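Worksheet: the structure to be examined is printed underneath.
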There are 2 protein chains.
Amino acid sequence: MSAQSDKHAVLCEKLKACDIRPTPQREVVLKVILEKRDHPTADEIFARVKASMPTISLATVYNCLETLVTCGLVRQVNLERAPTRYCPNLQEHAHFHDEVTGKVHDVELPGDFMDRLRTILPAGFDASTVELNFRGKAATN
Amino acid sequence: MSAQSDKHAVLCEKLKACDIRPTPQREVVLKVILEKRDHPTADEIFARVKASMPTISLATVYNCLETLVTCGLVRQVNLERAPTRYCPNLQEHAHFHDEVTGKVHDVELPGDFMDRLRTILPAGFDASTVELNFRGKAATN
DNA sequence: AGTAGGAATTAGAATAATTCCAAATCACCC
DNA sequence: GGGTGATTTGGAATTATTCTAATTCCTACT
């Protein structure tokens, strides 16, 4: 089995595990998000996907992204007014938005951090998701 | 001195303290944000402002908001893909986004909370702002 | 294998939030 | 009170995203 088809199989499994049809479009969108973890926007994903699938439409990219987000294979990150970005890191983590370069970095968190954050909520508030974003300058390296 | 002009004077002072010209438009935009602390969008602010200043334009509302945000009198809150909301609470606080009602609630935080959050950043990351957003269901009351 | 039926994809139009632009007006300083 | 740079204005433009309707593709069933 080639590395190619191996990858295909892995992606396919991921999709099937979420009970969604493993279409070629979904596969390639997911592949693109996984292989360069730089929090691309829908437009950037569209451009990268077109390299291997020139006939795909932007609407399909949006459809696939929505599906992947809904089934939890990908997270969306919204920072300020900028276009939504997509992140394949499923661990709990925060985001650091570099205001010089515009890049977004993942920030790993101590184990139960997000759960501890949840405890500051007053009674009656039940949070399904917690989002922690930093913004500032990162050392150039 | 009437309560009206008193209010006017207070707003005016706030603007001047930030080294920006206290124009009537900026004053009324700020007034609207301060008097109903429900995190309105630019459009909602526009509608409310028009009640007392029917000739104001949406572009001006955006201009004023940008000025007020830049000088720190108002904060902007961005949640998901929804329009930007504006918040007059200058204390450090988090936001809770009620996914049923769509409302945004302020969540007060223990004193040095945001600073403690900052300490989880790896060396080389210097955050100027920290944003903590929850999303979920709030008890109806 | 053939086909019905639902799901997914497509291209392009539509929408919605925000920004841009150029002209008119305003506010502050002398 | 006049000059000057800041501000406001309305409308056009931009940008991200969603909608729509038609087409194509799978999948299951016979």
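In what follows, chains carry the letters A, B, and so on, assigned in the order in which the sequence lines appear, proteins first and then strands, with residues in each chain numbered from 1. Keep in mind it's a predicted model, so treat the numbers as computed, not measured.
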Do B:D112 side-chain atoms and B:D115 backbone N/O form a donor-acceptor pair below 3.5 Å? no
Separation of D:dA6 atom C1' from B:I20 atom CD1, nearest Å, is 12 Å
Sugar-phosphate only, base, or nothing, as touched by B:I56 at under 4.0 Å among non-hydrogen atoms: sugar-phosphate
NA contact type, A:T41, heavy-atom cut-off 4.0 Å: base, sugar-phosphate, or nothing? nothing
Scan A:T67 against the nucleic acid and name what it touches under 4.0 Å (heavy atoms): base, sugar-phosphate only, or nothing. nothing
Considering every strand and a 4.0 Å limit on heavy-atom distances, what is the contact class for A:T23: base, sugar-phosphate, or nothing? sugar-phosphate
Between A:E35 and A:R48, does the salt bridge (charged side-chain N to carboxylate O under 4.0 Å, His left out) criterion hold? Intermediate values first, please. CA-CA 11 Å; A:E35 78 191 358; A:R48 292 176 199 178; over 6 Å; no
Give the rounded distance in Å between these two atoms: CZ of A:R85 and P of D:dT17. 11 Å
Toward the 5' end of DNA chain C, by each residue's nearest nucleotide, B:L58 or A:L58: A:L58
Please tell me which of B:Y62 and A:V61 maps to the more 5' nucleotide of DNA chain C, matching each residue to the nucleotide holding its nearest heavy atom. A:V61
Could you check how far CD of A:E44 sits from P of D:dT15, rounded to whole Å? 14 Å
Quick one: on DNA chain D, does A:P83 or B:T60 contact a more 5' nucleotide (nearest heavy atom)? B:T60
So what does B:P24 hit on the nucleic acid, given a heavy-atom distance under 4.0 Å: a base, only sugar-phosphate, or nothing? sugar-phosphate
By nearest heavy atom, map B:R26 and B:T55 onto DNA chain D; which one lands nearer the 5' end? B:R26
Any side-chain N or O of B:R81 less than 4.0 Å from the OP1 or OP2 oxygen of D:dT18? yes
Between C:dA27 (P) and B:E27 (CD): distance, integer Å: 11 Å
Between C:dA17 atom C1' and B:Q76 atom CD, what is the distance in whole Å? 13 Å
For D:dT9, take OP1 and OP2 only and decide whether either is under 4.0 Å from a side-chain N or O of B:Q25. yes
Separation of D:dA16 atom P from A:I45 atom CD1, nearest Å, is 13 Å
Looking only at side-chain N and O atoms, does B:R21 come under 4.0 Å of OP1 or OP2 in C:dC28? no
Could you give the CG-to-C1' distance, from A:N78 to D:dT15, as a whole number of Å? 15 Å
Quick one: does B:R85's side chain have a donor or acceptor within less than 3.5 Å of a partner on B:H39's backbone? yes
Where the side chain of A:A59 is concerned, which of C:dT18, C:dA11, D:dG10 is the nearest nucleotide? C:dA11
Could you check how far CG of B:L65 sits from C1' of D:dT8, rounded to whole Å? 14 Å
State plainly whether the residues A:R75 and A:D106 are in salt-bridge range, i.e. N to O under 4.0 Å. no
What's the shortest heavy-atom distance between A:H95 and A:V107, and which atoms? C-CG2, 4.4 Å
I'd like to know if the side chain of A:E44 reaches the main chain of A:T41, judged simply by a donor and an acceptor atom lying under 3.5 Å from each other, with no hydrogens or angles considered. yes
